[in-house]
Asks: 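Quick one: this structure, given as structure tokens, is what I'll be asking you about.
Indexing begins at 1, ligand by ligand and atom by atom, following the structure's order.
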Amino acid sequence: MSRDTSESPQRKGTCEACGKLNRSVRYIESGQWLCRTCLRELHPPRPKHLASLKTIENLRASGLVVGEDLPKDEADRLSRVLQIRGHGIAIHQDASLGELQAALRTIRKTITLGVRGESHRNPDGTDRQAIIRRCVSGEELHLIREPNNPYSARAVKVVRLNGEQIGYLPEESLGNDRGIGWCIADNMDRGVKYEARILEITGGYEHKKMRGVILELSYCPY
Ligand SMILES: [Zn+2]
């Protein structure tokens, strides 16, 4: 069995197998310090087309039954199976790449965020507050990229299905499932499709006359 020794302790010293002095030696489980040449004889390097032992260990820890001769591409496929199961979707361990792709595409994530600029007027003079007064909760909206916006290359317009604009998306980055702050505009430019609807309309009463719109965006992160 080959074993990953890359993380075992290392020092300068005498190899306890061949006796060569002043070598870089590593400590192995059997209790010896061995030079690189002797270590290689004892533990031949793992063929490159096979998954790493660490990967195999992780797959087994997740309940998959895999052999030590697991090829890398098969390990990638199985990691995807686990990823899909992590979303609560039942999928067989032997699912094909096509089936995995199809399952990934059904995964939806949602983000809640407030529309910006809803107190302003649109370039055509229409009053966004007046437009928002005609909006209802649950209403579907469109997001439109505006890369030539003079204030921000990441501008995303929020419009009703009839084309009336109610504002813009906030520009700051939002975390996605990978924990990276990619902003929605960048994702849209990469081809991610967002579905937007009104979750809630705020304000519109005596002490807060200005109306605001809370959006729910849903998208497939894969
Ligand atoms: Zn040696």
Asks: Report the C-alpha distance between R60 and E57 in whole Å, list the side-chain angles of each, state the deciding distance to 0.1 Å, and finish with yes or no for salt bridge (charged side-chain N to carboxylate O under 4.0 Å, His left out).
Replies: CA-CA 5 Å; R60 285 176 176 166; E57 197 182 298; over 6 Å; no
Asks: So, E164 and R128, do they make that salt bridge, N to O below 4.0 Å?
Replies: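 No salt bridge links E164 with R128.
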Asks: How about the Zn ion (ligand 1), which protein N, O or S atoms come within less than 2.8 Å?
Replies: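 Hits for the Zn ion (ligand 1) below 2.8 Å: C15 SG, C18 SG, C35 SG, C38 SG.
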Asks: Cation-pi check, R26 to W33: give yes when NZ or CZ is under 6.0 Å from the six-membered ring centre and within 45° of the ring axis, no otherwise.
Replies: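 R26 over W33 ring: no.
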Asks: Using 4.0 Å as the upper bound for N to carboxylate O, is an ion pair formed by R160 and E139?
Replies: yes
Asks: Please list, one pair per line, the donor and acceptor atoms closer than 3.5 Å that link side chains of residues 199-209 to other protein atoms, with sequence neighbours excluded.
Replies:
{"from": "T202", "atom 1": "OG1", "to": "G212", "atom 2": "N", "distance (Å)": "3.4"}
{"from": "T202", "atom 1": "OG1", "to": "G212", "atom 2": "O", "distance (Å)": "3.4"}

Asks: Taking the six-membered ring for Trp and the single ring otherwise, decide whether the centroids of Y222 and H87 are under 6.0 Å apart.
Replies: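 Close enough - the centres of the two rings lie under 6.0 Å apart.
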